[in-house]
2 protein chains.
Amino acid sequence: MENTDVILVLAALGQPTRLETFRHLVRKEPEGIAAGELARLMAVPQNTMSAHLAVLARAGLVRGERQSRSIVYRAELGRVQALVDYLLKDCCGGHPALCGPLTSLVAQDPALQSTCP
Amino acid sequence: MENTDVILVLAALGQPTRLETFRHLVRKEPEGIAAGELARLMAVPQNTMSAHLAVLARAGLVRGERQSRSIVYRAELGRVQALVDYLLKDCCGGHPALCGPLTSLVAQDPALQSTCP
DNA sequence: TCCATATATCTAGATTAATTGATATATTGC
DNA sequence: GCAATATATCAATTAATCTAGATATATGGA
């Protein structure tokens, strides 16, 4: 993942309403949730939710698809995967001994090997 | 990790100067880097760097220790581990089939099992 | 004690983010 | 075409963040 994308993803999830919204969407995979229902679930006005969903979408964390009158949003779990990979490559990858239960996997998977000495 | 802590960590890393600073510190584990040297590396004024380090420290991502006149900062890699665990538990844990190379580990480690149906 | 070095704190200005009422756009059914 | 529903966009306000100059605090050495 690009460095600028990592910033977008971290900043998008680093906000209470958005993190909670994303967690709702993850739990409702793969059906997704309509924007209006999300607003009700989170008890925020629909335009506020719309703005938050736009931030999450710009970060690639969600995708909305029109379904009749509603727009149903779904979590892009691959984006979480990419974020985890980035974190492991940059941090645990360079210091496998310090990363507990994930160590063995990092050691096995070449894609997770560190690029830093 | 507490929900409020997750927000702190994500927001702390979701800023270009801070993410780059943290990456420098990860690379320099376990020696650490003095605050002033970090400011030079990142080409920002020392008080700006001090403010960023305070945010990272409040999120538990770094810790500073006085060494003579300098204060040497070190990355808290365990915090990254905790963040990854949180992400896997909340997202991949509930949908192991969608999480690629990490799937097997999540399946093996009881601590990473999902709490969401 | 005095000076130099290193970092944190204070303060203020500038920028960006969050929230929400009002309005526009798109879809469905009559 | 018209009304109803669902969502996005606009506009304005408030709040939070980022930045950096000036100053305070702490350490070490002469």
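To find a chain, count down the sequence lines: A is the first, B the second, and so on, and within it residues start at 1. What's counted below: heavy atoms across the whole structure, side chains too, no hydrogens, waters or symmetry copies.
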Which is it for A:Thr21 and A:Leu41 under the side chain to side chain contact (heavy atoms under 4.5 Å, CB included) test, yes or no, and what are the steps along the way? CA-CA 9 Å; A:Thr21 298; A:Leu41 279 171; over 6 Å; no
Earlier contact from the 5' end, DNA chain C, for B:Gly36 and A:Ala11: B:Gly36
Distance, rounded to the nearest Å, where [X] contributes [atom1] and [N] contributes [atom2]:
X	N	atom1	atom2	result
A:Met49	C:dT20	CE	C1'	14 Å
A:His52	C:dA17	NE2	P	13 Å
A:Glu20	C:dA18	CD	P	16 Å
B:Arg58	D:dT17	CZ	P	7 Å
A:Leu53	D:dA6	CG	P	16 Å
A:Ile7	D:dC18	CD1	P	11 Å
A:Leu8	C:dA17	CG	P	10 Å
A:Glu65	C:dT27	CD	P	13 Å

Just compare [options] and give me whichever is closest to any side-chain atom of [X].
X	options	value
A:Thr48	C:dA8, D:dT19, C:dT20	C:dT20
B:Arg66	D:dT27, D:dT19, D:dA20	D:dT27
A:Ala34	C:dA18, C:dT20, D:dT7	D:dT7
B:Ser68	C:dT20, D:dG28, C:dA8	D:dG28
A:Pro45	D:dT7, C:dA18, C:dT20	C:dT20
B:Arg69	D:dT7, C:dT28, C:dA4	C:dA4
B:Asn47	C:dT19, C:dA22, D:dG21	D:dG21

If every non-hydrogen atom of B:Ala59 is compared with every non-hydrogen atom of B:Leu8, which pair is closest and at what distance?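 Of all heavy-atom pairs spanning B:Ala59 and B:Leu8, the closest is CB-O, 3.7 Å.
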From A:Glu29, A:Arg63, A:Gln81, residue fulfilling side-chain contact (heavy atoms from CB on, under 4.5 Å) relative to A:Glu76: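 The passing option is A:Arg63.
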Side-chain donor/acceptor contact of A:Gln15 with base of C:dA17 under 3.5 Å: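 It does not, because no donor-acceptor pair links the side chain of A:Gln15 to the base of C:dA17 below 3.5 Å.
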With hydrogens left out and only the distance checked, is there a donor-acceptor pair under 3.5 Å joining B:Gln46's side chain and the base of C:dA8? yes
Would you indicate what B:Ala54 reaches in the nucleic acid, counting non-hydrogen atoms under 4.0 angstrom: base, sugar-phosphate, or nothing?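 It contacts nothing in the nucleic acid.
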For B:Ser70, report the nucleic acid contact type (base, sugar-phosphate, nothing); a contact means any heavy atom under 4.0 Å.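 Sugar-phosphate contact only.
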Assess whether a salt bridge exists between A:Glu65 and A:Arg74, defined as any Lys/Arg side-chain N lying under 4.0 Å from an Asp/Glu carboxylate O. no
C:dA8, OP1 or OP2 - any side-chain N/O from B:Tyr73 closer than 4.0 Å? yes
So for atom CD, which belongs to B:Glu2, do other residues, nucleotides or ligands contribute more than 12 heavy atoms lying within a distance under 6.0 Å? no
Check: B:Leu88 and A:Val80 side chains under 4.5 Å, non-hydrogen atoms: no
